[in-house]
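First the structure, in the form of structure tokens, and then the observations on it.
Here is how names work: the chains are called A, B, and so on, in the same order as the sequence lines, proteins then strands, and each is numbered from 1. Note that these values count all heavy atoms, side chains included, but never hydrogens, waters or copies made by symmetry. This structure is a prediction, so every number in the text was calculated from the model and none was measured.
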Amino acid sequence: MQYDFNSIEKKWQEYWAKNQTFKASNDSEKEKFYVLDMFPYPSGAGLHVGHPLGYIASDIYARYKRHKGFNVLHPMGYDSFGLPAEQYAIQTGQHPADTTRVNIEGGVDKEGKKIEGYRNQLDRMGFSFDWSREVRTSNPDYYKWTQWVFIQLFNSWYNTDTDKAEDISDLISAFEKNGNTDINAVCDEDTPSFSAEDWKAFSEKEKQELLLKYRLTYLAESEVNWCPALGTVLANDEIVNGVSERGGHPVVRKKMTQWSMRITAYAQRLLDGLQKVDWPQPLKDSQTNWIGRSVGASVDFNLKDFENTISVFTTRPDTIFGVSFMTLAPEHDLVVKITTPEQKEAVDAYIEATAKRSERERMADVKTISGVFTGAYAEHPFTKEPIPVWIGDYVLAGYGTGAVMAVPCGDQRDYDFAKHFNIDIPNIFEGVDISEEAFADKENTVIANSDFLNGLPYKEATKKVIAELEKLGQGEGKVNYRLRDAVFSRQRYWGEPFPVYYDADGLPYMIEEEYLPITLPEVDKYLPTETGEPPLGNATEWAWDTVSKKVVANSKIDNETVFALDLNTMPGWAGSSQYFNIYMNVDPKNSQEIFSQDAINYWQDVDLYIGGSEHATGHLLYSRFWQKFMFDKGLVPKDEFAKKLINQGMITGTSAFVYRLPITLGFDKENLDETYNIKNEVLNTQIFVSYTLVSSLVKDADVAADLQTSLEDIFTGKYGKGFANVSLRVDDIQKIHADVSLVNASDELDIEGFKKWRPEFAEAIFVDDTGRLIIGKGNGYIVAREVEKMSKSKYNVVNPDAICEEFGADSLRLYEMFLGPLEQSKPWNTAGITGVHSFLKKLWRLYHGGVDGAFMVNDEEPSKDSWKTLHKTIKKVEEDIENFSFNTSVSTFMIAVNELSSQKCASRQILEPLIILVSPYTPHIAEELWEKLGHTESISEAPFPKFEEKYLVESSKEYPISFNGKMRFKLELPLDMSKEDIESAVLAHEKTQQQLQGRTPKKVIVVPGKIVNIVG
RNA sequence: GCCUUGGUGGCGGAAUUGGUAGACGCGCUGGAUUCAAAAUCCAGUUCUUUCGGGAGUGUGGGUUCGAUUCCCACCCAAGGUACCA
């Protein structure tokens, strides 16, 4: 009986769906285990073989854990808000909700293109997902809870005394009692202090404005990259060389009022939390760098002739006597105020120039030094000497305080700036030469020329200067974080609307929770409005009626009971910051609470999370922030949502290239047959030369001449006497992508398929390696191959559906794992799949040793060798799965099946446990064989075989005998032989004598059970 | 520049605590079977060689009886990140 994978896989996929085999229960005697994948964005292009890599790995682990007796939760859903659907909507006018649904569920889009749908594609691969818990972030019953969390953030503040988020009402009562003087909270830098009396005297508007300075989500002016031509805000990577990537329009930096998340309140806890999660070190490192904790001091420099002070943060307060100038970011608030009339023109010009440069550009350009003197002077806190205040675009407004105390002798950037503008470079280091470059080493010198700091090393000097600054009231020790509050507004359509309306003063109010969700309004077009408002500005029904508690027409806005709603939507990471908790609900559409407390207390957190490392500082940092906030609110029992995380590597594509040889045809006009349309013929006649022929064509004139002759024969036959000659333009050979599906395992092109692929290739002529023309159905055209990112435009995407069709899902799963270590990136090459596919056929045959391949297992006692094969396989596979080393267990299966086949093993005692071992990797064939073995229940919860050491015990060992560390021959010796006996047995061996060639060994190392090494 | 990961046959990769380098698979070569092909099976396949051997895991050193593995210096590639004061 043949291994008919198509019908087997179909049968079991239907069985699992019908029996809800993988539906997880929230109530079980078993220990829980939660395996999570990063949910996909459902794009119209569908899945390629790179996508399921992580899903296969997590599925193997989930299935393994079921065999190990765990109650496993393994859900899947869709991150279905996002830009591609919106852009598609702009282009085609289709509602993003419609295209998103088709991308998930399959169907035909408006242009008649058939879309398979993510769900169908995923189902074909045999994943053990519990689909009853599916979520889609763009469904109103899901984003209801995204909006709800936003409201909770708005109604919270961060108490640094208790180090957690607390209810805003508690803050208000504190203000009523004592003002804000004894409140330690994370709040805006510019928050004034006030007493209880002040508070009570404030107007409602003033109160709300003050509270915004404390709320965990708040409205603030933030700088954005504004593109006036597109009427939209661009991300850093949508800007290339200062202009928009799309269209090349100018981009300016502009301030906009937007929602921000006070993630900085959690900076230290986000850092500390990394200690307790088992995540890859590089990922932790990048989060650590992103948070960017640095310890130093804040120092206030008084300005001469102004009341204001310039605050700076420095990690080197010990070098304060080396300050010879200060630099402000051009956007710094004080710049306009302090610039002297003489310098105004230069400063204004510089600010304007800076506004045109993106932040990324400013940061990347290290070589150009630019800046302008403001004309103002600050005062050194100790020497009272005047310090010139400059502006420079190497200082960024968003970092620290947007101002730097420049110490050119200790910082290379300050040094370069000072050299460039001829500013004094005082040396404050003992015995250090700074004539060539700054000295940034903290450890190897002591401070000099610094009054009370003279002779002190870095640490003591830092401590002392901070104490002195505190005495003066001009500074204090401070920990600074690079992390900035996260802007949370997007000027887009396809995202979660804010449950927020504004009064006439522009103050925000939250809609009451019971009226959520506030669903996205319909709009005519998905572009920004003509006045530059976000797409929601196109909606005609987008106002909140506080009486009827409904979204009503904009025309009803009276700013008394009906108010304008927020026109922004939330960013992509809003919906993905809690989806893993929502999966815990038995009913993902739970409308009563975000997640049931029973569910969250049962599942607690994710035990294994698999996904790409590109989310290191986005999704994975924001999610940790939301989780900590929800932990503070008592909504979740764990303040880290995922115990262990694995980053799967990227699968790259192996592109195929054909070489097109341009030719020029010469004609003899006199004899030309007028009826022939030569122009078209020439255009349609393309010559493709085999990859290996290219270099010889270029180098060897004879090869080229032979080809020329062959081609001339063809064209003479075609055009008759009107044809004169062919000239080959060997130097103009072009390399073009060919679709990888047209290339076989030996890199041969399917010529007929290639001709049909594109009409212009229909009449093409192909030349093989040896320079011969390939006639008829011939083969032998070899393509060049190169590894590149898998992408549609490179014609190197490999579709998993086609692989499932040809080889089956089990082969695909096994092959994806066999390619190499999960965490590394590796190239895809479909050719190799025959290896794992024939392994599955061998596995099948192992159970079908009967007449004409009939199923046959027996109840005979297995041989010692078969027991050994089984148990070493159990041991290795178990270790491999625990270590996420899936590629090596595939090899182990191959070895086991090869051995058992040659042992002619058909024993139930071996074959039954073997199929359980294989089943997490190739579940369909495993279920089928399990059923044939007589079982009526799914294999999915069959207990994992238990490893027994006794089957591996050996009595002898084939010792490698090495000379000076090099293995030269092997010798079989009993394992219980003593060291001395081994030594004499080896030395007596004739090959030893041959190796030694008469020399006496200096030393003989015997490691019993391992190796013998003879030195000499 | 800094951080991270990696560098092993023609290719993907294996070698889990320092102990037989190249498991397993692809590809390739030869053979069996077949009218032929596919499929299947068998043998070989790091390089080099005077067929005794010799060399060999990015490069150069070191530790060790023994190094792909540990240490030092460097080169290359990929990813991340930045005038973070």
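In this structure, a donor-acceptor pair under 3.5 Å is present between the side chains of T264(A) and D485(A). With hydrogens and angles left out, the side-chain atoms of Y394(A) and D414(A) include a donor and acceptor closer than 3.5 Å.
Within the nucleic acid shown, S885(A) has no heavy atom closer than 4.0 Å to any nucleic acid atom. Among the protein residues, K970(A) comes within range of the nucleic acid bases, having at least one heavy atom under 4.0 Å from a base atom. Among the protein residues, K875(A) comes within range of no part of the nucleic acid, since none of its heavy atoms lies under 4.0 Å from any strand. Within 4.0 Å of R845(A), counting heavy atoms only, lie sugar-phosphate atoms of the nucleic acid but no base atom. Using a 4.0 Å heavy-atom criterion, one finds that P821(A) contacts the sugar-phosphate atoms exclusively.
Atom CG of L971(A) is separated from atom P of G19(B) by 21 Å (rounded to the nearest Å). Put simply, CG on N887(A) is 14 Å from P on G25(B), counting in whole angstrom units. G13(B) atom P lies 17 Å from atom CZ of F886(A), rounded to whole Å. Going from atom CG of N898(A) over to atom C1' of C24(B) covers 9 Å, rounded to whole Å. Spacing between atom CD1 of I320(A) and atom C1' of A85(B) amounts to 13 Å, rounded to whole angstrom units. One interatomic measurement links the two molecules: CD of E823(A) to P of U16(B), which rounds to 17 Å at whole-angstrom precision. Rounded to whole angstrom, the span from the CD atom of E879(A) across to the P atom of U16(B) amounts to 11 Å. A straight line from CD1 of I1014(A) to P of U64(B) spans 21 Å, rounded to a whole angstrom.
A donor-acceptor contact shorter than 3.5 Å links the side chain of D810(A) to the backbone of I925(A).
Shown here, U5(B) forms a base pair with A77(B); the pair counts as Watson-Crick or G-U wobble because both key distances fall under 3.5 Å. Across all strands shown, U50(B) has no partner, as no Watson-Crick or G-U wobble contact with both distances under 3.5 Å is found. Nucleotide A23(B) forms no Watson-Crick or G-U wobble pair with any nucleotide shown, as no partner meets the under 3.5 Å limit on both distances. The partner of U29(B) is A43(B), judged by Watson-Crick or G-U wobble contacts that both fall below 3.5 Å. If you check A85(B) for Watson-Crick or wobble pairing at under 3.5 angstrom, you find it has no partner at all. Within the shown strands, nothing qualifies as a pairing partner of U63(B) under the Watson-Crick or G-U definition with both distances less than 3.5 Å.
Of all the heavy atoms in Y959(A) and G1009(A), the pair that sits closest is OH-N, 2.7 Å.
Nearest to the side chain of M967(A), among G6(B), U16(B), U20(B), sits U20(B). Listed nucleotides: A85(B), C41(B), A14(B). Nearest to the side chain of V404(A): A85(B). Considering only side-chain atoms of S891(A), the nucleotide from A14(B), G25(B), A23(B) that sits closest is A23(B). Here the side chain of S286(A) is nearest to one of A39(B), G6(B), G80(B), namely G80(B). The nucleotide whose nearest atom lies closest to any side-chain atom of W290(A) is, among C3(B), G19(B), U81(B), U81(B). Here the nucleotide nearest the side chain of N1013(A), chosen from A23(B), C26(B), G66(B), is G66(B). Considering only side-chain atoms of P282(A), the nucleotide from A85(B), U5(B), G19(B) that sits closest is U5(B). Listed nucleotides C26(B), G13(B), A14(B) differ in distance to T888(A); the shortest reach to its side chain belongs to A14(B). Listed nucleotides: G80(B), G19(B), C26(B). Nearest to the side chain of S838(A): C26(B). Nearest to the side chain of F818(A), among G80(B), C24(B), U16(B), sits C24(B).
Between the C1' atoms of U33(B) and U40(B), the separation comes to 8 Å (whole Å). Taking atom C1' on both G56(B) and U4(B), the two are 30 Å apart, rounded to the nearest angstrom. The C1' atoms of A23(B) and U57(B) are separated by 15 Å, rounded to the nearest whole Å. Comparing A14(B) with U8(B), their P atoms are spaced 11 Å from each other, to the whole Å. If you take atom C1' in G18(B) and the same atom in G12(B), they sit 27 Å apart, rounded to whole Å. Rounded to whole Å, the separation between the P atoms of G19(B) and G25(B) comes to 24 Å. Taking atom C1' on both G13(B) and U64(B), the two are 29 Å apart, rounded to the nearest angstrom.
In this model, the phosphate group of U4(B) is not approached by any side-chain N or O of N647(A) to a distance below 4.0 Å at OP1 or OP2. At A85(B), one or more side-chain N or O atoms of S294(A) fall inside 4.0 Å of OP1 or OP2 (strictly under the cut-off). Listed pair R968(A) / G54(B) meets the phosphate criterion, a side-chain N or O lying under 4.0 Å from OP1 or OP2.
For G53(B), the base has no donor-acceptor partner in the side chain of K966(A) [N/O atoms by modelled type, under 3.5 angstrom].
F969(A) is listed as a side-chain neighbour of T992(A), based on a closest heavy-atom distance under 4.5 Å. At least one side-chain heavy atom of I425(A) sits under 4.5 Å from a side-chain heavy atom of Y415(A).
Taking the syn range as angles within 90° of 0, the glycosidic angle of G7(B) is outside it, so the base is anti. In this structure G62(B) sits in the anti conformation; its chi angle is more than 90° from 0.
Classified by interplanar angle (parallel below 30°, tilted 30° to 60°, perpendicular above 60°), the ring pair F417(A)/F325(A) is parallel. The aromatic rings of F5(A) and H837(A) sit perpendicular, their planes meeting at an angle over 60°, well past the 30° parallel limit.
A salt bridge links K868(A) with E954(A): at least one charged nitrogen is closer than 4.0 Å to a carboxylate oxygen.
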